[in-house]
Number of protein chains: 2
Amino acid sequence: MPTPVKFYYDLLSQHSRALYMFFEATKIPYEPIPVSTQQKEYEGKQVKSEYKEYVNRFQQVPMINDAGFKLSEGVTILKYLAREKLVPEHWYPRDSKLRARIDEFLEWQNNNSHTLFNKFVQEKFENSTKIHQNAENDLKLKEYKKLVENTLDVLENEWMQLSKDEEKAHKFMIGDKITIADILTACEVEQPKLVGVDPLDGRPKLTHWLEQVKSTMRPYYDEAHHDFYKITEQASAKN
Amino acid sequence: MPTPVKFYYDLLSQHSRALYMFFEATKIPYEPIPVSTQQKEYEGKQVKSEYKEYVNRFQQVPMINDAGFKLSEGVTILKYLAREKLVPEHWYPRDSKLRARIDEFLEWQNNNSHTLFNKFVQEKFENSTKIHQNAENDLKLKEYKKLVENTLDVLENEWMQLSKDEEKAHKFMIGDKITIADILTACEVEQPKLVGVDPLDGRPKLTHWLEQVKSTMRPYYDEAHHDFYKITEQASAKN
């Protein structure tokens, strides 16, 4: 029996949800270690310093410890596991050009939606705890929301058309089999729901593709999003 | 003779400079096609639509066309070339754990410094063209500057210590040989000079490491930064 990979995660984080699904679907032996990143903030210094010393110096999730080898950053962890463990080829194809297409998209995602969506969620939460909510804050949040909507439009109009080309319609983002790009993007697209933005509203290609990912990844998709959806339903009701 | 790789670049972009050095140092046959991203804006719609149709739908540099295979995103292009062309192993080691360390750092860089430094440069340029420079703009730029300084401090204190550990001092970021992480980071660290921030000021580890990269990559380092330094000298004089 190989030593299970220690997996530190918080299902509120998009990369954590993608990794949870990957571990479950590929049956890589792993030890789940949930870390509440919100609680970490509230419990104060002690938890923070322990986490920093033993887990990740940036106190971020997801994070793995594979028989002593500690690794952070969600996309990097997925690629490392695809190399090191016995997982089907389709997750991250060895074909150089297919691999380049996955890398290209995920680099775009990291440079665009990933930072932005997290920042929007953070700003909105911070704003909701302020006693004095002023016009300046409202304007800032409106600007963020517009950027989030624009980025979702680029996903719909530029990236999803790759898989919806009439000549060679693909079921998933890169070809007919699911890859790490699909699960990372599905969890990414769900993220703005935390602040009441419905990413699928008016976006038929994104909607169709997400349904394919969900049905392929069940029941792990629902498990990964169970608590997340409870929170997003509250956020949606408020808006 | 293999078909030269068409390389579209602007040496004001950090990823373009890293790729220029990589092409030169590895002797991969390539056809340099300089694209002025600034001029593109000024020349208007025609250039933009041609660029979008033939080169990159996001009108970004760097970009390559390898015998018909078009690829964008700097880090992705470097990894693709390291796989497809005859380049020494040290640039992007096949060893799974070393590769994971490079990926981890570059993912952190994309999520942190890359978006931020480009945004700061863009905001500062936009501000300098405004007729009415008000207190609100000044405050915004001050906040950005602080974030840039903080990110440079993380590079100095968290990432550079990997290579400066007393027990196993490394010459470069990941081991004793230069990798794609070093050239990408060197060009990244130079970027805030465009807006008058000296990244090396008070950062001895970063300074020492950058000197190693420069001396290893000469004369390509100087060629890649020749025009860039002309502009940064002006920015430095203004501050």
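Naming convention: chains lettered A, B, ... in sequence-line order (proteins, then strands); numbering from 1 in each chain. Remember, predicted model here, so these are calculated numbers, not experimental data.
By the neighbour-count criterion of 12 heavy atoms within 6.0 Å, atom NZ of Lys27(A) is densely surrounded, having more than that number from other residues, nucleotides or ligands. In Lys85(A), the NZ atom is crowded: over 12 heavy atoms of neighbouring residues, nucleotides or ligands sit closer than 6.0 Å.
Inspection of the Glu107(A) and Thr76(B) side chains reveals an N or O donor paired with an N or O acceptor under 3.5 Å.
The distance from the CG atom of Asn111(A) to the CG atom of Asn111(B) is 7.5 Å, given to the nearest 0.5 Å. Here CH2 of Trp108(B) is found 10.0 Å from CD of Gln60(A). Values are rounded to the nearest 0.5 Å. The structure places CD1 of Ile77(B) at 11.5 Å from CG of Asp103(A), a figure rounded to the nearest 0.5 Å. For the atom pair CZ (Phe69(A)) and CZ (Arg101(B)), the distance works out to 4.0 Å, reported to the nearest 0.5 Å.
Using a 4.5 Å cut-off between heavy atoms, Thr115(A) contacts chain B through its side chain alone, with no backbone atom that close.
When every heavy atom of Glu84(A) is checked against every heavy atom of Ser96(B), the shortest pair comes out as OE2-OG, 2.7 Å. Residues Ser72(A) and Glu104(B) approach most closely at OG-OE2, 2.7 Å, considering heavy atoms.
Most heavy-atom pairs under 4.5 Å with chain A, from the set Lys79(B), Arg83(B), Arg99(B): that is Arg83(B).
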